Amino acid sequence: MKIVQGDITRLDVDAIVNAANGQLAPGGGVCGAIHRAAGSDLAEACAKIGGCPTGEARITPGFDLKARYVIHAVGPVWHGGDSGEDEALAACYRNAIALANENGLRSIAFPAISTGIYGFPPERAATLAVEAAGKALAKHPKVERVIFCCFDDVSAKRHRNALAAYRKQP
Ligand code: AR6
């Protein structure tokens, strides 16, 4: 697992993960950026899938992106923490890595799902993301590299701290 800072749409990896909505429609945030960079074929491919429940993931080609695939994961909207948000967020990471493994993909990059428009507290999200991805990687050895692509330096620091804490666990 590795942390990088920057724009996920520019990464040369097998798959980038989109922080999608349940309709898999082009939205704002990282989702809007991915759709703009991939071109309109991406929205068409997403429309054919017809939606995705919270916590699950779906795969499409990457079209004009450097990444060969986009894995669309629908994060939870934050409602205060007692509505299954933690489990749904962890499921996004787990299901995206399982899908990468099924498709023989070796590298996958995640944005900080749910921490923008969906309002999930970012520190809590970083801890959950690293733990869920770490566990999923152990189960899916074909996936060799997970990158947490953080948009700004505060987010990158948060993820570095979460990763250091995770690695210290027995
Ligand atoms: N590269 C990497 N990270 C980015 C980028 C980028 N180019 N742009 C933003 N981020 P958000 P959500 C970070 O709001 O909370 C959309 O409309 C951003 O700083 O994109 O899961 C969807 O269609 C933040 O840390 O996703 C849904 O309707 C993180 O990406 C809804 O928003 C996630 O922020 C999903 O909301």
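Position 1 is the first residue of the sequence, and the numbers go up from there. Read the numbers this way: they start at 1 and go in the same order the structure lists the ligands and their atoms. Just so it is clear, the model here is predicted, and its values are computed rather than measured.
Of the listed residues (Ile34, Ile113, Ile8), the one carrying the non-hydrogen atom nearest atom 1 (N) of ligand 1 is Ile8. Of all the listed residues (Ala33, Cys150, Ala20, Gly6), Gly6 holds the heavy atom that lies closest to atom 2 (C) of ligand 1. For atom 21 (O) of ligand 1, the nearest non-hydrogen atom from the set Ala125, Cys92, Ser114 belongs to Ser114. Of the listed options Ala73, Gly116, Gly27, Ala109, Gly116 places a heavy atom closest to atom 15 (O) of ligand 1.
Of the possible polar contacts, one joining the Asp14 side chain to the Ser107 backbone as a donor-acceptor pair under 3.5 Å is found. Remark: side-chain polar atoms of Asn21 are paired, donor with acceptor, to backbone N or O of Gln23 under 3.5 angstrom. A donor-acceptor pair under 3.5 Å is formed between the side chain of Glu85 and the backbone N or O of Gly81. At distances below 3.5 Å, not a single donor-acceptor pair connects side-chain atoms of Thr115 with backbone N or O atoms of Phe120. Not one N or O on the side chain of Ser155 forms a donor-acceptor pair closer than 3.5 Å with the backbone of Asp152. Here the side chain of Asn95 pairs a donor or acceptor atom with the backbone of Ala91 at under 3.5 angstrom.
The contact set between ligand 1 and Gly29, taken as ligand atoms under 4.0 Å from a residue heavy atom, comprises 20 (O).
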Practice prompt. Verify salt bridge (Lys or Arg N to Asp or Glu O under 4.0 Å) between Asp86 and Arg124, making sure each step is shown before the conclusion.
Written response: CA-CA 9 Å; Asp86 288 351; Arg124 181 165 171 154; 2.9 Å; yes
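Residues Phe148 and Tyr93 have side chains in contact (heavy-atom distance under 4.5 Å, counting atoms from C-beta outward).
Residue, atom and distance of the protein heavy atom nearest to atom 32 (O) of ligand 1 are Ile117 CD1, 3.2 Å. Nearest protein neighbour of atom 27 (C) of ligand 1, counting heavy atoms only, is Tyr118 OH, 3.5 Å. Ranking protein heavy atoms by distance to atom 7 (N) of ligand 1, first place goes to Asp7 OD1, 2.9 Å. Among all protein heavy atoms, the one lying closest to atom 25 (O) of ligand 1 is Thr115 OG1, 3.0 Å. Ranking protein heavy atoms by distance to atom 23 (O) of ligand 1, first place goes to Asn21 ND2, 2.7 Å. Closest protein heavy atom to atom 33 (C) of ligand 1: Ala112 O, 3.2 Å. What sits closest to atom 22 (C) of ligand 1 on the protein, heavy atoms only, is Ala19 O, 3.5 Å. Among protein heavy atoms, the minimum distance from atom 13 (C) of ligand 1 is reached at Phe151 CB, 4.0 Å.
The distance criterion of under 3.5 Å between nitrogen or oxygen atoms is met by Gly28 with respect to ligand 1.
Here the closest non-hydrogen pair linking Ile8 and Phe110 is CD1-C, 3.6 Å. Listed here is the closest heavy atom pair of Pro53 and Val74: O-CB, 3.8 Å.
Shown here, atom 9 (C) of ligand 1 is in close reach of the protein: a heavy atom of it lies under 4.0 Å off.
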